[in-house]
Number of protein chains: 4
Amino acid sequence: MSLSIQQKFEAPAMPRSDDGRRRKPTRIQSLRQGEIIKAGLEVFARYGFKGATIDQIAEKAGMSKTNLLYYYRCKEDIYLSVLQRTLEMWIAPLEEMRADGDPALEIRAYIARKIRFSREHAVASRVFAMEILQGAPNLERVIRDDIRAHVEERAAVIRAWADAGKIRKIDPYHLFFTIWAATQTYADFSSQIAAILDKPALDGGDFDAAEETLCDLILNGLLPG
Amino acid sequence: MSLSIQQKFEAPAMPRSDDGRRRKPTRIQSLRQGEIIKAGLEVFARYGFKGATIDQIAEKAGMSKTNLLYYYRCKEDIYLSVLQRTLEMWIAPLEEMRADGDPALEIRAYIARKIRFSREHAVASRVFAMEILQGAPNLERVIRDDIRAHVEERAAVIRAWADAGKIRKIDPYHLFFTIWAATQTYADFSSQIAAILDKPALDGGDFDAAEETLCDLILNGLLPG
Amino acid sequence: MSLSIQQKFEAPAMPRSDDGRRRKPTRIQSLRQGEIIKAGLEVFARYGFKGATIDQIAEKAGMSKTNLLYYYRCKEDIYLSVLQRTLEMWIAPLEEMRADGDPALEIRAYIARKIRFSREHAVASRVFAMEILQGAPNLERVIRDDIRAHVEERAAVIRAWADAGKIRKIDPYHLFFTIWAATQTYADFSSQIAAILDKPALDGGDFDAAEETLCDLILNGLLPG
Amino acid sequence: MSLSIQQKFEAPAMPRSDDGRRRKPTRIQSLRQGEIIKAGLEVFARYGFKGATIDQIAEKAGMSKTNLLYYYRCKEDIYLSVLQRTLEMWIAPLEEMRADGDPALEIRAYIARKIRFSREHAVASRVFAMEILQGAPNLERVIRDDIRAHVEERAAVIRAWADAGKIRKIDPYHLFFTIWAATQTYADFSSQIAAILDKPALDGGDFDAAEETLCDLILNGLLPG
DNA sequence: GATGAATGAGGCTTCATTCAT
DNA sequence: CATGAATGAAGCCTCATTCAT
């Protein structure tokens, strides 16, 4: 699947060939852009778009600000690239849910993937969350245009399971909203959760417990008595 | 209950009496401060701390920037006041859950209160969420010191219900994390949800559906088969 | 003697009678103005004109800023009043030097008066010094117009003593400049002097030693061998 | 000798190499910093720290405010650099006084150097004076820690001369205070002196007369009858 | 007399971005 | 490719001063 946030998105600052078309990025360009995205992910996650500074990103990426601006025209372009990346990561787990599988197994696996995402890509999750929180100015369109369709497909699966009596009747959309929220919270609100658990930070055991509790709750809630 | 984020918190720019204690705020002071908090809530929710500008808040509050700074020494003080307000609103629903009530009713009522909060105070919820998202720099301590204890009390209730066989065994903390996430998402991530539902914004019916789905799911999940 | 810095000087903010003439200041007006001048002296001495704030002065004077501005139209007026005061204090010691006295005694007494001034009115001395340092924008005229004449009178005394062979020939102006500088330095530069002497602040003994050393030096330097 | 006001002092805004050490300043950096210090000297001398504005300094230095802030992180850093410069100039004349020289010649030469400093670097002298006047907040430590020792060395020379009967017994510290004050006054208080002498400004003849009068007075005062 | 409320100008600093090398 | 130099817009905050009670 290819989701694209915006057109301006597809073309960073890179020089063009004489006829105005973009050239294929050189090896070093791809390399540097990857470093920048990685650095940007961390900085945007912590400080938000306005709060982040190009200097911070450049430093974390180990290059000068001016050099960074050689690869990305402006701050917003970095941000959009970062968002694009998070978007792809966000959608991935959903893709794998299969209509012909066993509902319990499929749902359990989906929850597991989402929890793993929160655990391994908490920073990306937070960038995504912050964008949504602010009204999703850069994501609204792509969500409405592309992601909605994907969700609709999966919702149909849920609905089919319910119609077949394999799970209780439930609004599939709100089921997804609940699963998303309940899994992502371990990335997005981990500082609150860690504070409540009186730990310095969440560890592997916490994520395991989260997954188990959540699977129990949801599967018990979903499966027919 | 009185939660206090910080000491500096307790006193805006207002003049003091000779002995250094705060005087009782005049009517107009309370009025203006209320207007500022209200405006700040909206602006901080949309743009985050760094992204918000005093000018925006002042304009929304219908006063000049300088006048606003007559009531709050600096931007951070406004923000802390706003956070304080959201914190109090956030904790309130938890307080009402009663150990001697019927588990199903109590949990259902708790979820309803949380959903109502998301519906009626979405802006406050977002400010709170954004603070947590950024690592809760201003809330970490009060969560660890005060809120944790409150949650522990309610967790004990859940545990007691489970021990009495009234509900299934479940980790009470993760249950709360799930409920919080699943309810607050309708405030914090409403723009995503609305986009998925292909609506311009969430309406009352959406919140009702959310509440119903969530109650079904959680209660089915919790109550003994 | 009456030295007047400027015309605007003669009339603070005080209300006028109906025919526009100033009224005689009431007792409370004189009282408050005295408090303000005293406070202003300290604040201007420490922070300079720009660095001083009306708030600081008001606080030190124990009144509200607005109230202070009831007595003085603006910051500059306070400053000018303060300067006026320092000017009068500065000129006083010079007035007492008598032509018909014994040169040694007169000069010794003059130095003693100047040292006493530095000791007892260090703050005023510093305000005066700071004004001069900045080019004496408010004092230049009155120095040229009034003080110069006073100095000229005393210079004539010195010259007469020299002509009479009571003291060596010396340029009387530069003699005064030396005495002024050498005595005032114990007020104006006391922080440097205290640091060199490795003390927290100058004490009575230091001023005594200063006076003695200075008198010895100058009298030995002046009196005919 | 190397006097250092503060650590923060040693490094303007300039970029660092990866290991955090400062790089050698480029030619243009040294150039611009010199221009800034020169401009700062004049502006701080006239208006004091608070009274001076970065804009004024930038304009005098012939660059934009922002560009100036590219070289110095903040106003205080400029000021500290300026102070550092004046400090070095202030201490220099003291260093050359030699114990094995003839007292009369050495003292005369010292006075001459101090007068020359007042004449040629009046602006620096005033910046230094203003700092001291305000309580030497930035110089107190370096005076107490470093300069005091230098003065102590020279004081020992004076004391040795006195013990050897080459000059009268005198407190060497207060002797220095007098010489400093009496020479620096021609820089610091030149506007007052010029007004008393009824001249627009001091000229070479005035400094010569000052030097001569002062040398006469002090040497007559010091040398054994 | 005295104080609370309000304002506008000005100053410091940050930061994205552009220019030159 | 990469960096140093330069800029302008914008934001926070201070402060003298005025208005209204």
Side-chain angles (χ1 to χ4, degrees), chain A residues 13-15 26 28-29 31-32 50-58 63-78, chain B residues 13-15 17 23 25-29 31-32 50-58 63-78, chain C residues 13-15 26 28-29 31-32 50-58 63-78, chain D residues 13-15 17 23 25-29 31-32 50-58 63-78:
Chain A
M14 292 301 91
T26 66
I28 189 158
Q29 280 174 15
L31 183 65
R32 288 280 183 274
K50 283 278 295 199
T53 73
I54 295 184
D55 264 321
Q56 285 173 303
I57 300 173
M63 65 186 75
S64 73
K65 177 169 55 169
T66 327
N67 196 17
L68 185 154
L69 284 169
Y70 174 76
Y71 293 101
Y72 285 90
R73 205 192 326 268
C74 62
K75 187 183 177 181
E76 195 185 7
D77 280 359
I78 312 169
Chain B
M14 292 299 88
S17 37
R23 303 207 203 104
T26 65
R27 195 148 48 269
I28 190 159
Q29 282 173 18
L31 183 66
R32 288 278 182 276
K50 285 275 296 200
T53 74
I54 293 186
D55 262 322
Q56 284 173 304
I57 300 174
M63 64 186 77
S64 73
K65 177 171 51 173
T66 325
N67 194 200
L68 185 154
L69 285 168
Y70 174 71
Y71 292 100
Y72 285 90
R73 216 190 305 280
C74 60
K75 186 183 177 181
E76 194 186 7
D77 278 1
I78 311 170
Chain C
M14 293 299 90
T26 65
I28 191 163
Q29 282 174 12
L31 184 65
R32 288 278 182 275
K50 283 278 295 200
T53 74
I54 294 185
D55 265 321
Q56 285 173 304
I57 300 172
M63 65 186 75
S64 73
K65 178 168 57 168
T66 329
N67 196 18
L68 185 153
L69 284 168
Y70 175 75
Y71 293 102
Y72 285 91
R73 206 191 323 268
C74 63
K75 186 182 178 183
E76 195 184 8
D77 279 359
I78 312 170
Chain D
M14 292 300 88
S17 36
R23 304 208 203 103
T26 65
R27 195 147 49 271
I28 191 161
Q29 281 174 18
L31 183 65
R32 288 280 182 275
K50 286 275 295 200
T53 75
I54 293 186
D55 262 322
Q56 285 173 306
I57 300 174
M63 64 185 77
S64 74
K65 177 169 52 173
T66 326
N67 194 201
L68 186 154
L69 285 168
Y70 174 70
Y71 292 100
Y72 285 90
R73 214 189 307 278
C74 63
K75 186 182 176 181
E76 194 186 7
D77 278 1
I78 313 171

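Sequence lines set the chain letters: A, B, ... in the order given, protein chains first and strands last, and positions in each chain run from 1. Because the structure is a prediction, the values reported are computed rather than measured.
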Below the 4.0 Å mark, does [N] have OP1 or OP2 next to a side-chain nitrogen or oxygen of [X]?
X	N	result
D:Y71	F:dA6	yes
D:Q29	F:dG4	no
D:Y72	E:dT13	no
D:N67	F:dT7	yes

Exercise. CZ/C:R32 to OH/C:Y72 distance, rounded to the nearest 0.5 angstrom?
Worked result: 12.5 Å
Problem set entry | Residue that, paired with C:K75, satisfies side-chain contact (heavy atoms from CB on, under 4.5 Å) out of C:I54, C:L69, C:L68 | C:I54
Seminar exercise, completed: Checking E:dG1, E:dT7, F:dG4 against the side chain of C:Y70 (C-beta onward), the nearest is E:dG1
Problem set entry | Residues that A:S64 engages under side-chain contact (heavy atoms from CB on, under 4.5 Å), provided they are two or more places apart | A:T66, A:N67
Exercise. Which residues pass the side-chain contact (heavy atoms from CB on, under 4.5 Å) test with C:L31, sequence neighbours left out?
Worked result: C:E35
Would you mind reading off the distance between [X] atom [atom1] and [N] atom [atom2], rounded to a whole angstrom?
X	N	atom1	atom2	answer
C:Q56	F:dC15	CD	P	8 Å
A:M63	F:dC1	CE	P	12 Å
D:L68	E:dT14	CG	P	13 Å
D:I28	F:dA6	CD1	C1'	10 Å

Problem set entry | Heavy-atom pair of closest approach, residues C:Y71 and C:I28 | OH-CG1, 4.4 Å
Seminar exercise, completed: For D:K65, the salt bridge (Lys or Arg N to Asp or Glu O under 4.0 Å) test, sequence neighbours excluded, returns D:D55
For this session: For E:dG1 and F:dT21, measure between their C1' atoms and round to the nearest Å.
Result: 13 Å
Exercise. What one-letter contact string describes nucleotides 15-21 of chain E from 5' to 3', where B marks a base within less than 4.0 Å of any protein heavy atom, S marks contact via sugar-phosphate atoms alone, and - marks no contact?
Worked result: BBBBB--
Exercise. Any stems for DNA chain E, made of 3 or more Watson-Crick or G-U pairs in a row, each with both distances under 3.5 Å?
Worked result: E:2-21 with F:2-21
